Amino acid sequence: MSNMIKDATPSSSLDCPVVEGRRELQHVSSRRAEVGGIPIHRVLPSRQRRLVGGWCFLDHAGPVVFKGESRGMRVGPHPHIGLQTFTWMIAGRVLHRDSLGSEQVIRPGQVNLMTAGRGISHTEESLLEDPQLHAAQLWIALPFAQRHTTPRFDHYPELPVWRDQGVALTLLVGEFAGRRAPTLSFSPLVGLDLAAEAAATLRLGLRHAFEYAVLPLEGEVTLDGETFAADELAYLGRGRETLELTLPTGARALLLGGEPLGEEVVIWWNFVGHSRAEIAEAQREWEAGGERFGSVPEYDGERLMPPPIPWKV
């Protein structure tokens, strides 16, 4: 795809352009950052793409090995509204605590899902005895009608896993290839991890009404003959029935999809809302130490505080 198309495709468009009878793919670059003391690649949201179905945030954390006196990842108490936090663990172990009293270690091959709803706070810490970390941290925007749902936490130690042509496929959420994940969702979604134990080309069936994206986590991935590097998101748009995907040995990728929300979604700091007023109110309550978000007293450290809201309140 030409540089002009890569740069000009607006994030609000759900359909990649068709050129000479072939549907183009949008390249979405990640940016480097640090969260809790570890390096990450932030893929969503970006200027190029804000949403893929309900998926509204995507950090690829690691892979990293902690050395010396490093305490690994430590993310202090912080609030959320209007979303689900979705952690897919590939390597390492992380301890989750939240204001509901949940305390759960997540291990490789497992998903932690926290539904913030009207308000929750939580912490995340690497376990000192495990000096590595590799994970995908995602957010799912709750639809307007469910944005104030009751907060909850769910842990999924077992997910559907199968193999196809040397690729291990793990269904993280939704339905795919006649299988269904147990993961709670409030809008039609799919999440699939693909880990190539041997080089392979797969033909995957897609749902016409879903928009899709693929993120290579390790190694390069070729989609419909076009190559994407690790941490470079391939946005596929809607209207596809199939996808041909080639992975070399050792490559790993995420396939994400969902029905477009069709609603305004506002993201600021750790809040997701459907208006700026919702975000501003949540920030005021967190800064004031109100009861809405509770507390995580077991964490040895300070609460995280947001920067000033960048719009007039």
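Just so it is clear, the model here is predicted, and its values are computed rather than measured.
Not counting sequence neighbours, the partners of A116 by the side chain to side chain contact (heavy atoms under 4.5 Å, CB included) test are H80, L83, I120. The ring-ring contact (aromatic ring centres under 6.0 Å, His included) check on Y299 picks up nothing, with sequence neighbours excluded. Here R107 pairs with R93, V105, Q110 under the side chain to side chain contact (heavy atoms under 4.5 Å, CB included) rule; sequence neighbours left out. Under the side chain to side chain contact (heavy atoms under 4.5 Å, CB included) criterion, T87 pairs with M89, I106, N112, E124, Q137, not counting sequence neighbours. Listed by chain and number, the residues in a side chain to side chain contact (heavy atoms under 4.5 Å, CB included) with E298 are R97, V296 (sequence neighbours excluded). Take E218 and apply the salt bridge (Lys or Arg N to Asp or Glu O under 4.0 Å) test, not counting sequence neighbours, and it matches no residue. With sequence neighbours left out, E285 forms a salt bridge (Lys or Arg N to Asp or Glu O under 4.0 Å) with R292. When the salt bridge (Lys or Arg N to Asp or Glu O under 4.0 Å) test is applied to R147, the partners found at least two apart in sequence or on another chain are E278.
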Ignoring hydrogens and angles, write down the donor-acceptor pairs under 3.5 Å from the side chains of residues 302-313, residues two or more places apart or on other chains.
{"unit_1": "R303", "atom_1": "NH1", "unit_2": "W286", "atom_2": "O", "d": "3.1"}
{"unit_1": "R303", "atom_1": "NH2", "unit_2": "W286", "atom_2": "O", "d": "3.0"}

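For the ring-ring contact (aromatic ring centres under 6.0 Å, His included) condition, the pairs that include at least one residue of residues 147-186, sequence neighbours left out, are H96-F153. For residues 156-182, the pairs satisfying salt bridge (charged side-chain N to carboxylate O under 4.0 Å, His left out) are R163-E197, E175-R180, with sequence neighbours left out. Counting only residues at least two apart or on different chains, the salt bridge (charged side-chain N to carboxylate O under 4.0 Å, His left out) pairs with a member in residues 249-274 are D193-R252.
A chain of hydrophobic side-chain contacts below 4.5 Å, direct or via other Ile, Leu, Val, Met, Phe, Trp or Tyr residues, connects F86 to V52. Under the 4.5 Å side-chain contact rule for hydrophobic residues, F228 and L202 share a cluster. In the hydrophobic clustering of ILVMFWY residues, with side-chain heavy atoms under 4.5 Å counting as a link, V64 and V35 come out together.
Contact of the L223 side chain with the T246 side chain is not registered, since no non-hydrogen atoms from C-beta on lie closer than 4.5 Å. Between L215 and L58 the shortest side-chain heavy-atom distance falls below 4.5 Å. Side-chain contact between I140 and C56 is absent, with no heavy atoms from C-beta onward closer than 4.5 Å. Contact check for W55 versus L138: side-chain heavy atoms found under the 4.5 Å cut-off. Between R240 and R207 the shortest side-chain heavy-atom distance does not fall below 4.5 Å. Residues I90 and P108 form no side-chain contact, since every pair of their non-hydrogen atoms from C-beta on lies 4.5 Å or further apart. For the pair L142 and V272, the minimum side-chain heavy-atom distance is 4.5 Å or more. When side chains are defined from C-beta on, L194 counts as touching L255, because their heavy atoms get closer than 4.5 Å.
Taking the six-membered ring where tryptophan is involved, the planes of H60 and H134 are tilted, since the angle between them lies from 30° to 60°.
Side chains of Q84 and T115: a donor on one and an acceptor on the other come within 3.5 Å. There is a side-chain donor-acceptor pair under 3.5 Å between H41 and D231.
More than 12 heavy-atom neighbours from other residues, nucleotides or ligands sit within 6.0 angstrom of CD on E241.
With respect to the salt-bridge test (charged N to carboxylate O, under 4.0 angstrom), the residues R284 and E287 do not qualify.
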